[in-house]
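To keep things clear, I will list the structure first and then write my remarks on it.
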Amino acid sequence: MQENYDPAAVEAAAQRHWQEHDTFRASEDPARPKYYCLSMFPYPSGRLHMGHVRNYTIGDVISRFMRMQGCNVLQPMGWDAFGLPAENAAIANGVPPAKWTHDNIATMKRQLKTLGFGLDWSRELATCLPSYYRWNQWLFLRMLERGIAYKRTGTVNWDPVDQTVLANEQVIDGRGWRTGAPVEKRNIPMYYLGITAYAEELLAALDRLDGWPERVRTMQANWIGRSEGVNIAFPYRLGEERRLLRVFTTRADTLLGVSFVAIAAEHPLAAHAAASNRALAEFVEECKRGSIMEADLATMEKKGMPTGLTVGHPLTGAQLPVWVGNYVLMAYGEGALMGVPGHDERDWAFAKKYGLPILPVIDVGGRPYSTDAWQPWYADHGRCVRSGRYDGLDYAAATHRIAADLEAQGLGKLQVQWRLRDWGISRQRYWGCPIPIIHCERCGDVPVPDEQLPVLLPEDLVPDGSGNPLAKSAAFVNCTCPGCGRPARRETDTMDTFVDSSWYFLRYASADNERAMVDARVGYWLPVDQYVGGIEHAILHLLYARFWTRVMRDVGLVTLDEPFAKLLTQGMVRNSIFLRRPAAGRLVYYNPADVEVLTDASGSPLGARLKSDGGPVESGGIGTMSKSRNNGVDPQAIIDRFGADTARLFMMFAAPPDLSLDWSDEAAEGMFRFLKRLWKEVYVHVTSGEPVRLDPPALAAAAKELRRLAHQTLAKVTDDFGRRRTFNTAIAAVMELLNAVHGFDEEGPQARAVVHEALEIAVLTLSPVTPHLAHALWRELGHERAVIDEPWPRPDPAALVQDAIELVVQVNGKLRGRVTVPAAASDGEVRAAALADPQVRRFVGGQSVRKVIVVAGKLVNVVV
RNA sequence: GCGAAAGUGGCGGAAUUGGUAGACGCGCUGGAUUUAGGAUCCAGUGGGGCAACCCGUGAGGGUUCGAGUCCCUCCUUUCGCACCA
């Protein structure tokens, strides 16, 4: 055996073994329980980053653990290969997105292989390949047939200089990223998928997703946002015609407190009023400036302008002014709201600003009300006052009575309203899946016939940042109408990349099928048993995938509702931020690798300086690794320095998987030291002779104690890996075991046999995390079979038995002593032993013992 | 603004069901060894105190024999907000 740990050689040898034995190719085997472990596929951005390493290490540890547990494990990999960065790279470097993407895939695939992940590469897919995206188009056509997909107008960010639709990401402080021109909103026709038709089911099924983190379920439920309320119509006259302005409200009980109605700038009535009102037209135009991001809309200054129109109160007939308000969302409810300044904080602020009446109509348990200042309880539920026949009714009663009265007049009804909006999938971009529609002057929008699929995306275009290159490509645009055979124009919008990622997990099960989107093998592998990915996908991607799976179910392609049985949302990877503030200009960020942190004698930081010039740099705290803050660490550098196993071990040890993880060069080096120690420990053991067969009853006390620790560690690691998914504590337990082996100085054959067993347990339990090192050490410990093919061991119950246990004794809840009692001692004996302890007697002194609480196996609390 | 989390030594974190706060690792201090080392090994390391002990889990209240853990109020940080993926 080599005396020193050489990660490069060890890792190459293990990877060669897996390659030669095709270890990770999965096939359907009804005889074994299947286990589908899936990590979110990467966007091929160039190189692997630490977030990928973390994600795929978690998935790989679970996969290898489940495999050793006897499962038929599938762990596939693919590429989320369409998207904006490829177009940005094309604009910057003039390289076609296809080439850039394929080069990146090659690089990242090579990197994934050096990390030793147990992936079945035979199922690899990339969403930018026609063999994949043709099925996006095919299912889109099925959705169109069923009315799930439909066309209507939607709002986009518009750069008036580049004449281009901008992604939210391309809008910086309300301006286009390349032109700096103020962004405008623009309404254009788009295709939508009717996810709201599935809202009820998507919400209800969350309750049964008990393998998902509670926080993700809550976030999805809030996103879907079911609210029960009343749709209320305010009648008005337009010329001779009687019309209704509809609003949705969850507070119908405050209807008698309405003092105005506010509509969105995009509301048809606003356009009508603006036609004859120059100031209003300007205000509506002003509202159309700025981005479409909800966070921007919600934080901007609340502004409004009267339209000059009035509507009638549906119960009293009183005339109420109609205002245009920039805080009214066209996308929610009816794009209009009833203003109740007395009981809604935003309406309050609006009324104060524009001098509209504030009418309190709810009594909240008699708490004071003054129109001077808003108090949080004004929005609470209570009983109606100053509301005529509704006075005294509580929230539910008032809502139902008012809804019934409105319904009798045809002016309202109870309604369930969703916050969730239908999914707009049209993107005015090149590098995506073409939407299979042909526009014909005579036949209108004609779906591309199935036999003409896929609509191929040309791969040789180079975008320049203005407009969509597809729209400028005559070869792509010009086509023949499938209906009438005349010249027609192809749709040039492509699909949202979330479409691609909404079903890739199904395709892995039948990746080689060229005739169908999915086949019967989906029934074997799905659902995904364990899905692993970033918390940033907690809402959108996961919700779209749940929706898409249900659509495929309703089309008859699959039989499952929920694609992901268990979900693990891993936290972000962060690093220190260092910067300087030049007298003029922007902040300059320095990579932590180029900075030296100065500490005092206790290790507390005093400051930091740049290694290159020795000058001070400012600490900017700690934040997610990003290019803009220059605090990224290239995983390749760590692999080159310490090997993949160290990188993997650090990722699993430094934090529990669902919390954010802070990078530390020193801590990574500590992981490397641990692996060197483990190697050394095995080396010392195997070079000092052959082990004899272990004879547990013959063990001396210290050896028995070491054996107990080894089996206790095995039990803990099994639980931590399998149930708790707290890999950090599992690794800590193995470290403790190794420390105990190191400190164990008994000699003799049986002592050696116990050490041998402890080292085997350490190697087996670490093997999912550091598979290369474990592969080598398992051989050195005398095993023919590769460690990946070993079954996961079970702790020996006999080894776990303890004769005596130590209990903690508290007096009035404070730790005052410890007593050792036989493991089988009764509560009475434990109590007596605790009271007899000299330290306990000292603290009890002359006081009378009021109560003694005995917690079996743990502690005794003496209350005096 | 809305929604969701998190806050424990110098740092990452542990404490699994309300029961020993600080496991494990980093850093730091001292020592050994070494030509030397940023290598390796040994010991120590929450704060205060000579000690007995006292204090201590973002802040402030509460429940309990007992609270890092449960409840209320507040503060800070992170993530998401529908065209980044």
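Because the structure is a prediction, the values reported are computed rather than measured. Quick note on labels: first sequence line is chain A, next is B, and so on, each numbered from 1.
- Ion pair A:R427/A:E87 not flagged as a salt bridge, since none of the NZ, NE, NH1 or NH2 atoms sits closer than 4.0 Å to an Asp/Glu carboxylate oxygen.
- Look at the P atom in both B:rU29 and B:rU76: the space between them is 36 Å, to the nearest Å.
- In this structure, A:L166 reaches the bases: a heavy-atom distance under 4.0 Å links it to at least one base atom across the strands shown.
- When heavy atoms are screened at a 4.0 angstrom cut-off, A:M671 is found touching the sugar-phosphate backbone but no base atom.
- When the P atom is used for both B:rC26 and B:rU77, the distance is 32 Å, rounded to whole Å.
- Nucleotides B:rU40 and B:rG48 have their P atoms positioned 31 Å apart, rounded to a whole Å.
- If you check every strand for non-hydrogen atoms under 4.0 Å, A:F653 touches a base.
- Contact check on A:K611 versus A:D594 returns no salt bridge, with no Lys/Arg side-chain nitrogen under 4.0 Å from an Asp/Glu carboxylate oxygen.
- When heavy atoms are screened at a 4.0 angstrom cut-off, A:L859 is found touching base atoms of the nucleic acid.
- Among the atoms of the strands shown, only primed sugar atoms or phosphate atoms (P, OP1, OP2) are found under 4.0 Å from some heavy atom of A:T624.
- Note on A:R346: nothing from the nucleic acid sits closer than 4.0 angstrom, heavy atoms only.
- Checked options A:T164, A:D162, A:D159; the residue passing with A:R178 is A:D162 (criterion: side chain to side chain donor-acceptor pair (under 3.5 Å)).
- On a pure distance criterion of 3.5 Å, no polar donor-acceptor pair joins the side chain of A:R673 and the base of B:rU40.
- When the nearest nucleotides of RNA chain B are assigned to A:E806 and A:R421 by heavy-atom distance, the more 5′-ward of the two goes with A:E806.
- A:V165 comes within 4.0 angstrom of a nucleotide base, judged by non-hydrogen atoms across all strands.
- Separation of the C1' atoms belonging to B:rG1 and B:rG68 is 32 Å when rounded to the nearest angstrom.
- The base of B:rU16 is paired with the side chain of A:K716 by a donor and an acceptor separated by under 3.5 Å.
- B:rC11 and B:rC74: their C1' atoms are spaced 27 Å apart (whole Å).
- Nucleotides of RNA chain B nearest to A:E214 and A:R427 differ in position, and the one nearer the 5' end is that of A:E214.
- Side-chain atoms of A:N168 and base atoms of B:rC83 include no donor and acceptor less than 3.5 Å apart.
- The side chain of A:A732 lies closest to B:rA23 when the candidates are B:rG1, B:rA23, B:rG13.
- Closest contact between the side chain of A:R816 and the listed nucleotides B:rC54, B:rG19, B:rC65 involves B:rC54.
- Under 4.0 angstrom from either OP1 or OP2 of B:rA14 there lies at least one side-chain N or O belonging to A:N728.
- Among B:rA4, B:rC83, B:rG27, the nucleotide with an atom closest to any side-chain atom of A:T218 is B:rA4.
- Taking only side-chain atoms of A:N861, from C-beta outward, the nucleotide of B:rC83, B:rG19, B:rA39 with the closest atom is B:rG19.
- Comparing the P positions of B:rG30 and B:rG19 gives an interatomic distance of 40 Å, to the nearest angstrom.
- Where pairing requires Watson-Crick or G-U contacts shorter than 3.5 Å, the helical stems of RNA chain B with at least three consecutive pairs are B:1-7 with B:75-81, B:10-12 with B:24-26, B:27-32 with B:40-45, B:46-48 with B:53-55, B:58-62 with B:70-74.
- In the set B:rU20, B:rA85, B:rG25, B:rA85 carries the atom at the smallest distance from any side-chain atom of A:F498.
- Contact check on A:R152 versus A:D422 returns no salt bridge, with no Lys/Arg side-chain nitrogen under 4.0 Å from an Asp/Glu carboxylate oxygen.
- Distance from the side chain of A:A667 is smallest for B:rC26 among the nucleotides B:rC26, B:rC65, B:rA14.
- You won't find any donor-acceptor pair under 3.5 Å spanning the side chain of A:R574 and the base of B:rU78, going by distance alone.
- Screening A:Q428, A:E184, A:K185 for a side chain to side chain contact (heavy atoms under 4.5 Å, CB included) involving A:W158 leaves a single residue, A:E184.
- Among the atoms of the strands shown, only primed sugar atoms or phosphate atoms (P, OP1, OP2) are found under 4.0 Å from some heavy atom of A:R215.
- Residue A:L420 is classed as a base contact, given a heavy-atom separation below 4.0 Å to a base.
- Contact annotation for A:H52: no contact, since no heavy-atom pair falls under 4.0 Å across all strands.
- Note on A:K680: nothing from the nucleic acid sits closer than 4.0 angstrom, heavy atoms only.
- With distances taken from any side-chain atom of A:P85 to the nucleotides B:rA85, B:rC83, B:rC54, the minimum falls on B:rA85.
- Using a 4.0 Å heavy-atom criterion, one finds that A:H537 contacts the bases of the nucleic acid, with or without backbone contacts as well.
- Nucleic acid contact class of A:Q810 (heavy atoms, under 4.0 Å, all strands): base.
- With B:rA14, B:rG10, B:rC83 as the choices, the nucleotide that has an atom nearest any side-chain atom of A:V156 turns out to be B:rC83.
- Taking every side-chain heavy atom of A:M190 into account, B:rC83 is the closest of B:rA82, B:rC83, B:rA4.
- Of the candidates B:rC84, B:rG25, B:rA14, the closest approach to any side-chain atom of A:R677 belongs to B:rG25.
- Using a 4.0 Å cut-off between charged nitrogen and carboxylate oxygen, A:K353 and A:E301 count as a salt-bridge pair.
- Judged by atom type and distance alone, A:Q170 does not reach the base of B:rC84 through any side-chain donor-acceptor pair under 3.5 Å.
- B:rG9: glycosidic angle within 90° of 0, hence syn.
- Among the atoms of the strands shown, only primed sugar atoms or phosphate atoms (P, OP1, OP2) are found under 4.0 Å from some heavy atom of A:R842.
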